[in-house]
Amino acid sequence: MKEIVRRMLWIGAASVLWVGGSGCQSMMGPASASFASVTIGGYEPREVIATTIKVFESHGYKTIVTGENLIFEREGSQWDQTAYAIGGSPVVNRVRAQVVDLGGAACRVQCTAYIVRDPGTSYEDAIRLQSPRSGPYREMMNEVMRRMTDVTIVKP
């Protein structure tokens with residue numbers, strides 16, 4: 001019996017270590033960066049902002065607000081319309097992104113996504129997406145980082 005309890009405790013401890021050490025960086029950073037974010041070094045915030053806008057626009061988003069606090073929108077997917085629309089009202093996918101200057105020539109691009117019912121009306125209702133749905137936004141953050149760090153060598 002003691003052997004079974006000992007094994008169960010060992011398995012539990014190993015599970016905690018495995019989950020804790022599996023690279024969940026969002027748990028280590030600030031809460032505002034937990035949905036989707038990347039840290040990019042060696043560029044000015046304005047360069048990172050310009051690249052972030054290009055990435056979101058290449059994915060079909062319209063830039064609504066620019067500056068260090070960015071807002072992007074696009075029409076919600078068919079699934080979003082089916083799941084969230086009420087009475088045929090439109091649904092949009094809204095992303096709030098921010099470029100945070102970390103000093104030392106480093107920036108963090110972070111974003112949070114929402115499904116918005118009745119956008120632009122007094123009935124507007126924003127539903128924040130949770131981490132299990134962050135995959136596409138993490139991919140866009142990674143794309144921002146790839147575009148910033150791609151080096152083009154020009155031969156004379």
Side-chain angles (χ1 to χ4, degrees), residues 16-155:
V16 168
L17 289 173
W18 179 73
V19 169
S22 65
C24 187
Q25 294 176 326
S26 62
M27 296 301 287
M28 301 304 287
S32 59
S34 66
F35 184 73
S37 66
V38 291
T39 300
I40 301 168
Y43 296 91
E44 294 292 323
R46 62 182 166 70
E47 296 172 294
V48 177
I49 290 168
T51 301
T52 303
I53 290 170
K54 287 177 185 174
V55 167
F56 274 89
E57 289 180 349
S58 75
H59 285 270
Y61 285 87
K62 290 186 291 185
T63 304
I64 306 300
V65 176
T66 60
E68 289 184 6
N69 296 302
L70 304 163
I71 298 177
F72 304 100
E73 282 188 353
R74 72 175 181 188
E75 182 180 346
S77 68
Q78 185 62 44
W79 187 91
D80 292 335
Q81 299 294 338
T82 302
Y84 295 103
I86 298 174
S89 63
V91 173
V92 298
N93 180 240
R94 181 178 294 160
V95 180
R96 295 181 185 274
Q98 186 177 27
V99 176
V100 180
D101 188 348
L102 300 175
C107 295
R108 181 177 57 245
V109 185
Q110 58 195 36
C111 72
T112 305
Y114 302 83
I115 296 295
V116 182
R117 293 188 273 218
D118 296 314
T121 70
S122 59
Y123 300 107
E124 182 173 291
D125 180 26
I127 302 162
R128 184 176 174 168
L129 297 181
Q130 299 302 311
S131 290
R133 297 211 32 213
S134 67
Y137 309 97
R138 289 182 189 274
E139 279 300 313
M140 284 191 280
M141 295 292 98
N142 288 333
E143 187 176 336
V144 171
M145 185 167 55
R146 280 191 306 273
R147 287 189 186 192
M148 294 298 300
T149 56
D150 279 350
V151 176
T152 305
I153 299 173
V154 179
K155 294 184 180 182

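As the structure is a prediction and not an experimental result, all values here were calculated from the model.
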- Query: Between Gln81 and Glu75, which heavy-atom pair has the shortest distance, and what is it?
  - Reply: NE2-CG, 4.0 Å

- Item | Any donor-acceptor N/O pair, Asn142 side chain to Glu139 backbone, under 3.5 Å | no

- Could you walk me through whether Glu73 and Lys62 pass the salt bridge (Lys or Arg N to Asp or Glu O under 4.0 Å) test, one step at a time? CA-CA 5 Å; Glu73 282 188 353; Lys62 290 186 291 185; 6.0 Å; no

- Minimal heavy-atom distance between Met141 and Phe56, with the atoms involved, is CE-CE1, 3.6 Å

- Task: Compute whether any side-chain donor of one residue and acceptor of the other, for Asp125 and Tyr114, lie under 3.5 angstrom apart.
- Result: no

- At their closest point, which heavy atom of Ser134 faces which heavy atom of Phe35, and how far apart are they? CB-O, 3.3 Å

- Item | Minimum heavy-atom distance between Arg147 and Lys54, given as atom pair plus value | NH1-CB, 3.7 Å

- Note on the structure: Result for side-chain contact (heavy atoms from CB on, under 4.5 Å) between Val109 and one of Thr39, Val55, Val48 points to Val48

- Where do Val91 and Ile115 come nearest, in terms of heavy atoms and distance? CG1-CG2, 3.3 Å

- Task: Please report the shortest heavy-atom distance between Ser34 and Arg138, naming the atom on each side.
- Result: O-NH2, 3.1 Å

- Query: Are side-chain N/O atoms of Asp80 and Ser77 paired as donor and acceptor at under 3.5 Å?
  - Reply: yes

- Message: As an exercise, state the distance from OG1 of Thr63 to CD of Glu57, rounded to the nearest 0.5 Å.
- Response: 3.5 Å

